[in-house]
Each structure stands twice: as structure tokens, then as C-alpha cells.
Amino acid sequence: MGRKTREQEGLVGNRLEAFRTAANLTRAELAEMVGVNYQTIGYIERFEYSPSLALAFKLADALGTTVDELFFFEGGKP
Amino acid sequence: MSKLGERFAAFRIKRYNRAVSDQSWNFFGGRVFLFILVIGSVVTSWTYFVFSIAKWNKGFAFESDKYTELLLALMLACYFGLRKALARIATAPTGALDERDLELRNDAFRMAYLVIRRVGLGFVLISSAILGINGVFYGNFVTRPSYFDAYRDVSLVKWLSDSLVDLMDSGRGIWILLSVLITLTYCAYSFPLVILGWRQAIGQKMRISGAPEYGTFAEWSAAMRKVTMNFVILMASVAVTPLLLVLLGFLANALQQSAQYDTFSLEVYVTQFVFGALALWCILVYFWSWLSMLRARHLYRSAQASHLKAARRSNLIMMISTPLVLVGSFVMQDLARFALTNENYQAFMAFSSLVYLMLLLAVAGPSISMVAAAVARRMKPVEEVEHATSEV
């Protein structure tokens, strides 16, 4: 037994990069808008970090979309 | 939160923002430096602890106490280096971190706490038991053979009291206790940084810091000014320190004379202290000047400094040549000594001259680099100059 891997936990994917590019924003600008470090945006875009619910709503709000448009869930086992 | 608490929190965030905005230190965040700092921190602290035990037990490294000051200095250098390298996360006030940074930091601290709690406690218990038994053995049967009594009543109370006396009596026992405390305190402070640093060095979870980013050349120039000014202040301190130390020396002598001490030995002592302290300060400043060159090199990597190729090259040449010339001067010194023993006076003169020349170059290297940096930071890129001219 041990900690579950990302594959076991299921991956939270997103369309953040597409929405950000469409909004003509840099990572630093988006980070500034939602109050996080610019590196954090990069990690979310590369699916290496799953944001908290609060941050997900902030991101969706900043990009003028909804959370379920921006994020999706792949392959989690019940 | 009280007003005082709020002010303190605001002060911490302000200080943190200032520290993070100084990108000239970010070279510490590079992969190679982080490996050196992480490995250095672990190795020096363990060596320090092992040497302390070896000394106390009169074991394989009886003379090891000679190195404790050096090891402590290296431990502290690694710790402060790691703090500087990981300043954005490790030493930041909570209000300045986002959720991912907090998760990274909390994870490192949690893991460090678990490791220290289990390994540290087990280590202290086992080593205390071994050292306690050894201490009683040495205290009762080796270092005090005249007290040996075959019919002596070795009760538990007597055994414990002897152990305590032995710990307090010789000074050695207290030293090992102090070493344990120093090592544990050091581990408690440095281990979370070691975990964070290791993760960054192997590229897990954290990004290696890249080239510094500045919006304009003026911002880059201001950052380089910090580096050169810091160097100038340190150099000025080397010039002023002798005066201050001599004044202090006179003052100390005057005070001691009125107290009817042996003034001659005191004068010798104070003079030695003055020159010893001065030499130490000069060595520290000299090594700090190497850091200044590294900071400058990191700043030259910025896109804003892409037109300053000559200054960047001169800094690199000084960075490489200064340690080489310093080592070369030691080699020349040995060669000069060898020539003197063989009565080859011409060779001795030549090698001696080279020693002084090389030492002069080694000392002047960082200054040359900083002068180049001071000139370079005034050289705007051609586009900016043209833009300013067309506006006029």
C-alpha cells in the first residue's frame, strides 16, 4: 500500500491554454488576475497540478467561461 | 490579529517581495548549485556529528576537533545558500504564497518532520546508550585507573551518578551533548530545505530558475547597480576596518593598563587579535567578491544584457582565471621554496616575483569584473538610444 499515483487517482485535464490564448493573455497576466504565481499556471496547463475548486472558479471567471467548460475529468476509478 | 502583528506581517511580506525581486541571486537556484548545497548540507552535518563522536571516544579521528569550526562554517554556508536559493517558497510568509507553493512547502516540511522524528529520535537514543556505556567505561576503568576497585559496588544509582559526573567532569561529555543538539537543531532547520532543494534539483514538481527577466534595460541596470554597490561597500569596509580595529586595540590596551594587567602580553594579544580579525574579514570579503561575479554572470544571461558581450566575456574570464591564478601562486610559492633549498637564487627570484604578480591578479580579478559591470550597466542597447534620440 502507498500513495496513489496520478493515473490511479484519475487525471483532471483542462483547456486552459486554449482559452488563455484565445483571450490573448500571457501566463503572467492570467496569474496576476487570479492571484497565483505564473509558474502555477504553467503547471496547470501541462496537467501537472490540479487546482483547488476556488482557483478553478477564479480561472473560469477570468477567462469568461465555466468550470465544466474549462476542466474535465479522465479515467478515475470509482 | 493585533496592530503590531499586522505591521509585522506586512513587514515580512515587504521584505520577502524585496528579496524575491532581487534576481541576481537566482543562480543559486540552478541545478548544479542546488545539488552542491543539498549534498553539502547533508555531508557536512553528518561529518560534524561523526567527528564529534570520534573525538569524544578517542577513536579513529582523535584530532578531528580541529575541523569543527570549518564544518560549522560550511554547514551554515550551505543552509543560508539553500535559504537564498529557495527564498520564493521556503522563507516566504504564508500570505505571499499561492496554493501550489503552500502545498509544496507543507509537503516538504511534513516529510522532514516525519523523518527527523523517527530517525532522529532513534539515532539519539542509540548513540546516547552507546556513548553512555562507553563514557562510564572510560571514566571508571581507563581515564581513572587509580580508582579501580575490583570489589566496588556498582549499583544502578552509582552507575548513573558516575555517568553524570563523567559527562560534566571532563568537558568531553558536555561537548557531545552539545554536538547532538547542534546537529538536531541544524537538521530541523535545514532538512525541509534539503527536500525542497532536492526536488528542484532533480526537476520534480518545481521549475529550475532560468535567465533573469527584466522589462527594460533600466531595470536590469538597477539590478546590476545593486551588485556593484554591494561590492564597493565591502571593499570600503576592508579599507575602513583596519582603522577601526586599531582604534579598538588602543582602547582595549588603555583600559587593561589601568586595570594593572601585564601590558606587554596584552599588547601582543590585542595586536594579534586585530590582525587576525582583519585577515579573516579580508578573506570573507574576497570570497564574497566571487559571489558578486557569479551574481553578475547570472544577470548577464538576461535578454536585456544581450548586447553586453564584451562585459559578459570579461566577467567569465575573471571568474575562471581568478581561482586558477590563486592556485598558481601557491604552486609558484612551492617552486620558489624548492629553488631556495637548491641554492638557485635566480630561479627563486623569478618564482617569488611570479607569486606576487599572481596574488595581485587574483585579488584584482573581481575588481576588474565589477568595474566592467559598472561600465556595462551604463551602456544602453542601440534601439533604446535611437528611440530616445528620435523622441528628442
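When reading the values below, keep in mind they use all heavy atoms of this one structure, side chains included, and skip hydrogens, waters and symmetry mates. Below, chain A is the first sequence line, B the second, and so on; all start at residue 1.
Expressed to the nearest 0.5 Å, how far CZ of B:Arg100 lies from CG of A:Leu55 amounts to 11.5 Å. Atom CG of residue B:Asp98 and atom CD of residue A:Gln39 lie 9.5 Å apart, to the nearest 0.5 angstrom. Distance CG/B:Leu104 to OH/A:Tyr49: 8.5 Å, rounded to 0.5 Å.
Checked by atom type and distance alone, the side chain of B:Glu99 pairs as donor or acceptor with a backbone atom of A:Ser52 at under 3.5 Å.
More than 12 non-hydrogen atoms from other residues, nucleotides or ligands lie less than 6.0 angstrom from CE of B:Met319. Around atom CD of A:Glu32, no more than 12 heavy atoms belonging to other residues, nucleotides or ligands sit under 6.0 Å away. The environment of A:Arg15 atom CZ is dense: over 12 non-hydrogen atoms of other residues, nucleotides or ligands sit within 6.0 angstrom.
The candidate with the highest count of non-hydrogen atom pairs below 4.5 Å against chain B, out of A:Ile44, A:Asn37, A:Val34, is A:Asn37.
A search for salt bridge (Lys or Arg N to Asp or Glu O under 4.0 Å) contacts involving B:Arg105 returns nothing, not counting sequence neighbours. With sequence neighbours left out, B:Arg295 forms a salt bridge (Lys or Arg N to Asp or Glu O under 4.0 Å) with B:Asp22.
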